[in-house]
Amino acid sequence: MNGVLAVGLGHVGAIASLFGETIREALRRKPEWPVLIDQLHHLGVRSFWIATVTALFTGMVLALQTSYSLAAYGAKFFVGDVVSLSLVRELGPVLTSLMVGGRVGAGITAELGTMKVTEQIDAIRAMAASPVRKLVVPKVLSILVMLPILVILADLVGILGGLIMAVTTLNQDSGFYMQHVVTALSLHDVMSGLGKTFCFALIISLVACYNGLIATGGADGVGRATTQTVVVTSLCVLISDFFLTKFFLYF
Amino acid sequence: MADPFIRFEDVHKAFGDKQVLQGITFDIRRGETMVVLGGSGSGKSVLIRHIIGLHRPDRGHVIVDGEDIVDYDEDRLFAVRKKIAMLFQGGALFDSMNVLENLAYGLREHTDLPEETIRARVRDKLALVGLEEIEALMPAELSGGMKKRVALARSIAMDPQCILYDEPTTGLDPVTANTINELIRSMQARLQVTSVVVTHDIESAFFVGDRVAYLYEGRMHFVGTIEEARASREPQLRYFLSGGREGADAAV
Ligand SMILES: Nc1ncnc2c1ncn2[C@@H]1O[C@H](COP(=O)(O)OP(=O)(O)OP(=O)(O)O)[C@@H](O)[C@H]1O
Ligand SMILES: [Mg+2]
């Protein structure tokens, strides 16, 4: 047990130092725009569908569940409040991070892991370049930029999903629903949702890069590292969400 | 001519419980071609990776061009790595980039040369390894031998002072292998490049090398000129050079 703990803490320390190195390398030279744009597209734009479909159905389910389970309390009229608050504060950031994190995290670890075991990472070092600057920086930056954008989109689409259900099955007026959405949400809710998202983006990108960079073995090693990334990033998102929620409740 | 460009002093390296290098001491002189011979798994690749700091020894010193690089961090190793290029055993081409981008990688990283100059340079280097018109191909579209040659072209693209070749001719047909061996020789003759060539192929070794080092069980069992190697009575070396027909075991 102590051994497991020590290994775990070792990884946490190593990820923290990867974070430090990423910041250092990011500031050292101006970004390589073509690489960065490619990553923004690959990691961000291509995650559009997975994020919006998830949010649409979550919003619809939320509306249904609220009206059904809280019917006794007259909750029908508060569907807009419940849907928007749950989405913006909690489900938008968490579900988007889980889905997009699984997609891009696995991709990053597989890519960097393959480069590691075929000596391409060593080849970068041998050519007097930094693998962190060439590979990690563009990925971390892209996710840091794109994940919050995807979360905002997901929030909007989820609220739209709730609206569809409110209008079609609860016979609510769309203006009434939207009015509840707007009055329920405060800037603080939006900020705490986005604040969480930045933390999730860092966790996903750093864990995925780290697992790729330390992969050993060969195809099976890369496979293991990739699985590991999906498991670890999902757990970290869910666990850190709890603490971040507590943290943002202080303000 | 005689001052060492690279010097190993009592270098030890283990991976976990596995002792790979157990006290390596030898010099590689400026401008010479040193061939490193040794059986599969004897630690040849591990040995040459120490020269550019891709591995750190557990004990001992690696001195490159007068500097002990053992305690250098990645930033300080950059200066060393700009002087010394490496051809990896598996080629290590970037498989997300085409041949042009692979060869231009170092040039784009470290110089501000205009695009036409870079393209011309890439074309020249490809011609040196007997390839042309393949700039737009991806590594996955190349044959094994072509990959090896593209990787070789990439390692000489920056005109380094020293080149480490990890099995440059393995997997090539005899004619192409010969072209590569001639290339290694001519780079030394024309540009006074210091070379370290790891190989299994004894014929190539004797053709390209000025001196030979024989690695066996983590130690250098022989370091000397080609003639000395041919005449040597060191049992392990005899055994290796004769393909197991004479020397160590045969003598028992
Ligand atoms: N990164 C590593 N981690 C653990 N063990 C390693 C590592 N690199 C090499 N080894 C071990 O070190 C030993 C020497 O490996 P090396 O690749 O240097 O052999 P080699 O002499 O180049 O063989 P070959 O001629 O087959 O290429 C092998 O037993 C290998 O298993
Ligand atoms: Mg080898």
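To find a chain, count down the sequence lines: A is the first, B the second, and so on, and within it residues start at 1. All values below were derived from every heavy atom in this structure, side-chain atoms included, with hydrogens, water molecules and symmetry-related copies excluded.
Heavy-atom neighbours of chain A within the stretch residues 64-76 of chain B, taken at a separation under 4.5 angstrom, comprise B:Glu74, B:Asp75.
At a 4.5 Å heavy-atom cutoff, the contact between B:Leu54 and chain A is made by backbone and side-chain atoms alike. Contact annotation for B:Leu164: neither backbone nor side-chain heavy atoms come within less than 4.5 Å of a heavy atom of chain A. Contact annotation for B:Leu77: neither backbone nor side-chain heavy atoms come within less than 4.5 Å of a heavy atom of chain A.
Within 6.0 Å of atom CD in B:Glu115, more than 12 heavy atoms from other residues, nucleotides or ligands are found, so the atom counts as buried in its surroundings. In this structure, B:Arg211 places its CZ atom where more than 12 heavy-atom neighbours from other residues, nucleotides or ligands lie under 6.0 Å away. Within 6.0 Å of CZ in B:Phe15 there are more than 12 heavy atoms belonging to other residues, nucleotides or ligands.
Side-chain contact check for A:Arg133 versus B:Glu109: some heavy-atom pair is nearer than 4.5 Å. In this structure, A:Ile124 and B:Phe94 have side chains that are in contact, with non-hydrogen atoms separated by less than 4.5 Å.
Here A:Arg29 is the residue among A:Glu111, A:Arg29, A:Glu32 with the most heavy-atom pairs under 4.5 Å with chain B.
With sequence neighbours left out, the side-chain contact (heavy atoms from CB on, under 4.5 Å) criterion links A:Ser142 to A:Leu36, A:Gln39, A:Leu40, A:Leu43. For B:Asp112, the side-chain contact (heavy atoms from CB on, under 4.5 Å) criterion is met by no residue, not counting sequence neighbours.
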Practice prompt. Decide yes or no on side-chain contact (heavy atoms from CB on, under 4.5 Å) for B:Arg81 and A:Met127, but give the supporting numbers first.
Written response: CA-CA 6 Å; B:Arg81 291 171 181 166; A:Met127 286 194 268; over 6 Å; no

Item to complete: Evaluate the criterion side-chain contact (heavy atoms from CB on, under 4.5 Å) for residue pair B:Phe78 and A:Arg125; output intermediate values, then yes/no.
Response: CA-CA 8 Å; B:Phe78 280 177; A:Arg125 294 166 67 202; over 6 Å; no

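For the atom pair B:Arg49 CZ and A:Glu119 CD, the distance stands at 5.0 Å (nearest 0.5 Å). Distance CD/A:Gln120 to CG/B:Asn102: 8.0 Å, rounded to 0.5 Å. In this structure, OG1 in A:Thr118 is found 6.0 Å from CG in B:Asp95, a value given to the nearest 0.5 Å.
Of all the heavy atoms in B:Tyr105 and A:Ala129, the pair that sits closest is CE2-CB, 4.4 Å.
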Throw together a table of side-chain donor-acceptor distances under 3.5 angstrom for residues 141-152 of chain B, partners on residues two or more places apart or in other chains.
unit_1   : atom_1 : unit_2   : atom_2 : d
B:Glu141 : OE1    : B:Met138 : N      : 2.7
B:Ser143 : OG     : B:Met146 : N      : 3.2
B:Lys148 : NZ     : B:Gln89  : O      : 2.8
B:Lys148 : NZ     : B:Glu167 : O      : 2.8
B:Arg149 : NH1    : B:Val129 : O      : 3.2

